[in-house]
Amino acid sequence: MAQGMQRKQSEGSLQAVAMSEESAVRRSAVAATVLIVEDEETTRKVCSEVAESCGMKAISAATVDEALATLESQAVDIVLTDLKLPQSSGLDLLKRVRDFYPQVAVLVLTQYGTIDSAVEATRMGAADYVTKPFHVEDLQRRLLRAARDVDLNRENQLLREQLRTRPGFGGLIGVSERMQRVYKMIEKVSLHEYPVLILGESGTGKEMVARSIHFLGERKNRPFAPVDCSALVPTLIESELFGYVKGAFTGAVQAKQGLLEAAHGGTLFLDEIGDLPVDLQAKLLRVLQEREVKPVGSTERRRIDVRIIAATNRDLEAAIRNGSFRQDLYFRLNVVQIKLPPLRERKSDIPILVTSFLDKFTDPQGPARSISEDAMRRLVAYDWPGNVRELENAIERAVALGSGPIVHVGDLPSSLHYPFSERVVEKEELLPLEELERRAILRTLRETGGDKLAAARILGIGKTTLYRKLKQYNMEHVER
């Protein structure tokens with residue numbers, strides 16, 4: 001009887017504390033459904049009241065089988081389970097939840113003195129554990145934290161799905177299979193700290209990949225420092241990267257912090273790493289290995305915490321063979337490699353890229369821009385040696401020079417006016433200028449289906465001039 005009275009007093013005190021804290025908890029209440037799995041009725045009831053005081057819906061189960069049946073029949077956000085249950089244990093339930101309901105957070109209840117079991121539960125994937133007898137405030141705090149973590153994970157999952165299904169990821173644009181593989185690699189490496197080497201031709205978006213990795217990772221609130229190794233003067237690269245002290249050389253009137261040190265806590269992006277001189281490659285390797293930097297003219301080394309992402313359009317393996325790139329640095333940088341496909345190998349992305357660039361360069365106050373089918377065919381047929389950057393410049397030019405809401409072939413750069421096969425000049429054939437002009441007009445009219453206005457735009461001449469030329473060459477009536 002004494003134990004019964006003690007239990008009632010304990011229950012009453014728990015309820016009193018819960019009520020006293022109710023107003024504070026209500027202000028931070030989180031909508032969630034909690035499944036409480038506990039074979040002792042009193043504890044189960046108290047846990048339910050605590051969950052409800054947090055603004056949550058509480059469901060109860062006395063056994064693992066009851067809990068699994070509940071999980072199958074209705075949506076649950078959090079499972080709060082005792083480790084010691086009849087028939088099956090809380091660890092068995094935890095394993096089943098992790099395997100079949102990975103989005104559900106699991107909190108375990110454990111008796112004081114059996115912390116080892118709770119540690120084992122967290123190793124198996126439990127979000128947290130609560131020791132019995134517990135304080136109401138402590139349980140409230142842990143339930144609220146678990147509910148917010150569930151909401152955050154749900155938002156992150158939704159964001160990832162949106163990034164995968166929309167035409168782009170972190171500023172990159174494209175839905176082709178090759179770009180989807182790039183997006184997945186970015187997601188994976190952003191969760192870690194190891195170096196990344198990005199390979200790809202000029203204009204494929206290597207810096208955008210580096211920025212995506214940085215801003216999706218833990219260092220997103222720290223500096224992102226891009227360095228174009230090909231643009232730095234060779235004699236100044238060392239001082240730019242490592243910094244220098246006052247008086248280190250002529251003109252060093254004051255100390256300057258290097259880019260490596262300035263990026264402390266963040267990410268240093270070394271673009272065109274293949275252009276870094278060999279002697280500086282050795283010094284960079286030392287910095288990566290020892291995580292220390294020594295400014296020019298200084299005898300002291302300074303600790304740095306920097307993630308390195310490098311990129312190049314060169315074949316580094318060939319550079320290693322000819323001695324222009326250190327093999328040990330290559331291995332150090334090439335922990336994870338991301339290779340960006342050239343635009344000619346993902347032409348299915350060109351229409352999406354064009355639409356995005358039209359939106360980007362169109363005046364928001366003006367009419368919406370679109371592109372003609374003929375112009376789009378020319379864009380898709382072109383090989384784009386300058387990749388996405390060249391395509392973006394072509395669309396910017398078309399928007400700037402075009403006179404209407406529709407981009408036509410004549411608005412595109414001259415290299416795109418004719419199919420590739422027609423741009424090849426037969427070297428053996430020498431023709432008078434007038435004959436070349438006549439053939440150009442005839443070919444353009446056939447391409448435009450006899451549309452003289454469109455032909456004039458492509459040829460870069462006025463409509464009146466075209467009519468005069470047609471009369472001159474007896475081509476007033478050209479068949480379509």
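- The backbone N or O of Ala62 lies less than 3.5 Å from a partner atom in the side chain of Glu66, making a donor-acceptor pair.
- Looking at every heavy atom in both residues, Ile186 comes nearest to Ser212 through CG2-CB, 3.9 Å.
- Atom NZ of Lys283 sits about 14.5 Å away from atom CG of Leu288, to the nearest 0.5 Å.
- Between Leu270 and Leu241 there is a side-chain heavy-atom pair separated by less than 4.5 Å.
- More than 12 non-hydrogen atoms from other residues, nucleotides or ligands lie less than 6.0 angstrom from CZ of Arg98.
- Evaluated for a salt bridge (charged side-chain N to carboxylate O under 4.0 Å, His left out) with Asp383, the options Arg378, Lys347, Arg344 yield exactly one hit, Lys347.
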Residue pair Val227, Glu240: steps toward the side chain to side chain contact (heavy atoms under 4.5 Å, CB included) verdict: CA-CA 9 Å; Val227 181; Glu240 287 292 325; over 6 Å; no
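- Residue Gln257 holds its CD atom at 7.5 Å from CZ of Arg302, rounded to the nearest 0.5 Å.
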Full working for side chain to side chain contact (heavy atoms under 4.5 Å, CB included) between Leu85 and Asp92: CA-CA 10 Å; Leu85 295 168; Asp92 294 330; over 6 Å; no
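- Proximity of Phe269 to Leu259: side-chain heavy atoms (C-beta onward) are nowhere separated by under 4.5 Å.
- Residues Arg219 and Asp305 approach most closely at NH2-OD1, 2.8 Å, considering heavy atoms.
- Between the CG atom in Leu139 and the OG atom in Ser53 there is a gap of 8.0 Å [rounded to 0.5 Å].
- A donor-acceptor pair under 3.5 Å is absent between the side-chain atoms of Asn393 and the main chain of Glu390, judged by distance alone.
- The two residues Thr81 and Gly90 have their closest heavy-atom pair at OG1-CA, 4.1 Å.
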Val336/Met185 under side chain to side chain contact (heavy atoms under 4.5 Å, CB included): CA gap, chis, key distance, verdict: CA-CA 9 Å; Val336 175; Met185 284 294 293; 3.6 Å; yes
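- Side-chain atoms of Ser190 come within 3.5 Å of backbone atoms of Glu187 as a donor-acceptor pair (strictly under, hydrogens ignored).
- The aromatic rings of Phe357 and Phe361 sit tilted relative to each other, their planes meeting at an angle between 30° and 60°.
- A salt bridge does not link Glu177 to Arg346: none of the charged nitrogens lies less than 4.0 Å from a carboxylate oxygen.
- Within the 4.5 Å cutoff, the side chain of Cys229 has no heavy atoms near those of the Thr312 side chain.
- Of the listed residues (Arg222, His214, Arg211), just one forms a side chain to side chain donor-acceptor pair (under 3.5 Å) with Thr267, and that residue is His214.
- One distance of note links CG of Leu268 with CD1 of Ile308; it measures 4.5 Å at 0.5 Å rounding.
- Applying the salt bridge (Lys or Arg N to Asp or Glu O under 4.0 Å) test to pairs two or more places apart or on separate chains, none has a residue in residues 332-341.
- Side-chain N or O atoms of Lys206 include one that pairs as donor or acceptor with a backbone N or O of Glu201 at under 3.5 Å.
- The CD1 atom of Ile371 lies 4.5 Å from the CG atom of Leu379; values are rounded to the nearest 0.5 Å.
- Taking a 6.0 Å sphere around CD of Glu345, one finds it holds more than 12 heavy atoms contributed by other residues, nucleotides or ligands.
- No donor-acceptor pair under 3.5 Å is formed between the side chain of Arg369 and the backbone N or O of Ile406.
- Scanning all heavy atoms of the two residues, the minimum distance from Asp275 to Ser230 falls at OD2-CB, 3.0 Å.
- Annotation: Arg96, atom CZ; neighbour count of heavy atoms from other residues, nucleotides and ligands within 6.0 Å does not exceed 12.
- Electrostatic pairing of Arg141 and Asp138 counts as a salt bridge here, judged by a charged N lying under 4.0 Å from a carboxylate O.
- Inter-residue side-chain proximity for Gln74 and Ile59 is flagged as met; some heavy-atom pair is nearer than 4.5 Å.
- Judged purely by atom type and a 3.5 angstrom limit, Gln140 has no side-chain atom pairing as donor or acceptor with the backbone of Cys54.
- A donor-acceptor pair is defined here as one N or O able to donate and one able to accept, closer than 3.5 Å; such a pair exists between the side chain of Arg303 and the backbone of Glu290.
- Side-chain atoms of Glu38 and Cys47, non-hydrogen and from C-beta on, never get closer than 4.5 Å to each other.
- The shortest side-chain heavy-atom distance between Glu373 and Met376 does not fall under the 4.5 Å cut-off.
- Sparse packing is recorded around CD of Glu218, with 12 or fewer heavy atoms of other residues, nucleotides or ligands lying under 6.0 Å away.
- Phe242 and Lys294 make their closest contact through CB-O, 3.8 Å (heavy atoms, listed as atom of the first residue, atom of the second, distance).
- Put simply, the side chain of Asp349 gets close to the backbone of Ser176: a donor and an acceptor are under 3.5 Å apart.
- Sorted by first then second residue, the side-chain hydrogen bond (donor to acceptor under 3.5 Å, both in side chains) pairs that include residues 313-329, not counting sequence neighbours, are Ser202-Asn313, Arg314-Ser324, Glu317-Tyr330, Asn322-Ser324, Arg326-Asp328.
- The structure places CD1 of Ile304 at 5.0 Å from CG of Leu260, a figure rounded to the nearest 0.5 Å.
- Taking the side chain as every heavy atom from C-beta outward, Leu216 and Val189 never approach each other to under 4.5 Å.
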Working for side chain to side chain contact (heavy atoms under 4.5 Å, CB included), residues Asp228 and Glu272: CA-CA 6 Å; Asp228 186 350; Glu272 302 305 341; 3.9 Å; yes
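- Between Leu91 and Leu83, some side-chain heavy-atom pair lies under the 4.5 Å cut-off.
- Of all non-hydrogen atoms in Pro342 and Thr204, the two that sit nearest each other are CA-CG2, 4.0 Å.
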